[in-house]
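When a ligand or atom number is given, it counts from 1 through the structure's own listing order. Reckoned from all heavy atoms, side chains included, excluding hydrogens, waters and symmetry mates. Note that this is a predicted model, so its numbers are computed, not measured. Start at 1 with the first residue, then count along the sequence.
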Amino acid sequence: MTKQGVVVPAPAETAVSVPPNAAAPLFPYPPPRAAAPPGAAVRKKYLQMDAGARAAAGGWVVESMRASSPTHARAAAALAAGVDEERHAAWMVRPVFHFVEHPSALSKFDQVVAASKGKQIVVFLDYDGTLSPIVDDPDAAYMSDTMRRAVRSVGKHFPTAIVSGRCRDKVFEFVKLAELYYAGSHGMDIKGPAKASRHTKAAKPASQFLPMIEQVHDSLVEMTKAIPGAKVENNKFCVSVHFRCVDEKRWSELAEMVKSVLKEYPKLKLTQGRMVFEVRPTIKWDKGKALEFLLESLGFADCADVLPVYIGDDRTDEDAFKVLRRRGQGVGILVSKHPKDTSASYSLQEPAEVMEFLLRLVEWERLSKARPKW
Ligand SMILES: O=P(O)(O)OC[C@H]1O[C@H](O[C@H]2O[C@H](CO)[C@@H](O)[C@H](O)[C@H]2O)[C@H](O)[C@@H](O)[C@@H]1O
């Protein structure tokens, strides 16, 4: 694909690989200990703790669990208002500042595309909450056919990547567009458009974590059976523990379960998404690194003639927004109906607005190609 003098490698058979010099510092950890503790031992240890100790140890996490849901964040703010009116007042005006500081990418569409003058737009799309609405059942987070058509059109006009916390295969099953780039497991598994399905070198260094991720997954599946509504999802290089459908009274218990398992795995860390804990390798790799890696793979390393447009709704997308800020290049768009601390520059309220934005982008590109160059 050639555009404005920039050559983008032909999409067919483009398996993206971590360059040799990048592999060493990015995945510096030795393989998992052969004698990793079996899940049963971890479970036993946890069950030996009394209920009070479990709850107390998990308590600190509950506040951040609340904050991962706008509805709960509102409730927390209302609670805070009872003891501190100033804080409540500050919270009430926060939306105004938020939407001034992060205006709608639709109402400022002209400003967004003006930034792309003379540059190649590359589109990065998160999946859950961006292309599909948030639903209770993670296995039922389908994207609509109209959204799929919109993303397909975007992919025809611009190099386009889906960047997700889900495993690559699963997100591909939802999106079903072979012509796009996919970065699964928060970017630890990247693959370009390809006919043949094969693992990439990007997945290979991280593959040393697969056995311990499996163990953690199995332990958590077993332990969380005791908590109604909890759901554990295997995302290949990460494990998601969902608490969207768990009674809030049992959140700290769930948090403590996860932490107790992780104590035995120092090479894994815990992060949080929307009503979900994410267990991930402690490697320096995230959606921001995936964005940079893909830009490099597309031939845009240290290139001023590129405008990455990244759209996402989650805390994990902030890593990508930060990279755009640091590079002083690109457009970060947060999908949210509620004010959030973000490094994005613009906002869209929900997937329906994302679709509208994508269709406008395609239409703008179509018209700009048709427009005579004076
Ligand atoms: O990076 P993403 O594509 O946004 O993936 C992040 C997580 O998304 C999914 O969970 C979220 O969406 C679910 C379905 O709407 C929802 O039930 C859950 O509460 C959200 O956190 C996915 O299931 C996770 O594995 C991803 O890590």
Chemist: Should the proximity of Ser164 to ligand 1, defined as any heavy atom under 4.0 Å, be assigned to the side chain, the backbone, both, or neither?
Modeler: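 Ser164 to ligand 1: contacts from backbone and side chain alike.
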Chemist: What residue and heavy atom of the protein are closest to atom 19 (O) of ligand 1, and at what distance?
Modeler: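 The protein heavy atom lying closest is Arg244 NE, 2.6 Å.
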Chemist: At a 4.0 Å cut-off, with the gap strictly under it, does some heavy atom of Gly312 reach an atom of ligand 1?
Modeler: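 Under 4.0 Å: no for Gly312.
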Chemist: Distance under 4.0 Å to a non-hydrogen atom of Pro138: what atoms of ligand 1 satisfy this?
Modeler: 14 (C), 23 (O)
Chemist: Looking at atom 4 (O) of ligand 1, what's its closest protein heavy atom, distance included?
Modeler: Asp126 OD1, 2.7 Å
Chemist: Between Glu292 (side chain) and Val323 (backbone), is there a donor-acceptor pair under 3.5 Å?
Modeler: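 Here the side-chain-to-backbone pair does not exist.
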Chemist: Among all protein non-hydrogen atoms, which one is nearest to atom 27 (O) of ligand 1, and what is the separation to 0.1 Å?
Modeler: Glu278 OE1, 3.0 Å
Chemist: Regarding Arg168 and the six-membered ring of Tyr182, is the cationic atom NZ or CZ under 6.0 Å from the ring centre and inside 45° of its axis?
Modeler: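 Ring-cation test returns no.
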Chemist: Looking only at non-hydrogen atoms, which of Lys287, His242, Arg274 approaches atom 10 (O) of ligand 1 most closely?
Modeler: His242
Chemist: Answer yes or no: is there an ion pair linking Glu363 with Arg366, defined by an N-O contact shorter than 4.0 Å?
Modeler: yes
Chemist: Picking from His186, Glu173, Glu233, what satisfies side-chain hydrogen bond (donor to acceptor under 3.5 Å, both in side chains) with Arg166?
Modeler: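 For Arg166, the side-chain hydrogen bond (donor to acceptor under 3.5 Å, both in side chains) check succeeds only for Glu233.
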Chemist: Would one find an N or O of Ile134, backbone or side chain, under 3.5 Å from an N or O of ligand 1?
Modeler: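 So ligand 1 has no N or O lying under 3.5 Å from an N or O of Ile134.
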Chemist: Examine the proximity of ligand 1 to Cys238 and report which part, side chain or backbone, both or neither, has a heavy atom under 4.0 Å away.
Modeler: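 The answer is neither; Cys238 stays 4.0 Å or more away.
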Chemist: Just checking, is any N or O donor in the side chain of Gln349 or Ser336 under 3.5 Å from an acceptor N or O on the other one?
Modeler: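 No - no donor-acceptor pair under 3.5 Å links their side chains.
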Chemist: Applying the salt bridge (charged side-chain N to carboxylate O under 4.0 Å, His left out) test to Arg274, which of Asp314, Asp313, Asp128 qualifies?
Modeler: Asp313
Chemist: Can you see which heavy atom on Ala105 is nearest to which on Tyr346, and at what distance?
Modeler: CB-CB, 3.9 Å
Chemist: May I ask you to decide whether Arg148 forms a salt bridge with Asp145, counting only side-chain N to carboxylate O separations under 4.0 Å?
Modeler: yes
Chemist: Does Leu291 offer a backbone N or O that forms a donor-acceptor pair with the side chain of Tyr310 under 3.5 Å?
Modeler: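 Such a contact is absent between Tyr310 side chain and Leu291 backbone.
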Chemist: Is it the side chain, the backbone, both or neither of Asp128 that has a heavy atom closer than 4.0 Å to ligand 1?
Modeler: both
Chemist: Which one holds for Asn235 and ligand 1: side chain close, backbone close, both close, or neither close, with close meaning a heavy atom under 4.0 Å?
Modeler: side chain
Chemist: Write out the residue and atom name of the closest protein heavy atom to atom 14 (C) of ligand 1, then the distance separating them to 0.1 Å.
Modeler: Val135 O, 3.4 Å
Chemist: If you count the atoms of ligand 1 from 1 in the order shown, which ones are under 4.0 Å from a heavy atom of Val276?
Modeler: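 Under 4.0 Å from Val276, ligand 1 has these atoms: 21 (O).
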Chemist: For Pro138 and Asp136, which heavy atoms make the closest approach, and how far apart are they?
Modeler: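 Looking at all heavy atoms of both residues, the closest pair is CD-O, 3.3 Å.
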Chemist: Can you confirm whether more than 12 heavy atoms, excluding those of Asp302, are under 6.0 Å from its CG atom?
Modeler: no
Chemist: List ligand 1 atoms under 4.0 Å from Pro133, heavy atoms only on the residue side.
Modeler: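 Contacts of ligand 1 toward Pro133, numbered from 1: 15 (O).
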Chemist: Counting from 1, what ligand 1 atoms have a heavy atom of Ser240 closer than 4.0 Å?
Modeler: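 Listed by number with element, the hits are 24 (C), 25 (O), 27 (O).
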Chemist: Under 4.0 Å from any heavy atom of Asp136, which atoms of ligand 1 are there?
Modeler: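 Selected atoms, number and element: 17 (O).
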Chemist: For atom 23 (O) of ligand 1, what is the closest protein heavy atom, and at what distance to 0.1 Å?
Modeler: Glu233 OE1, 2.7 Å
Chemist: When you measure from atom 6 (C) of ligand 1 to each heavy atom in Asp314, Asn234, Val335, Asp313, which option holds the nearest one?
Modeler: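 Among Asp314, Asn234, Val335, Asp313, the closest heavy atom to atom 6 (C) of ligand 1 belongs to Asp314.
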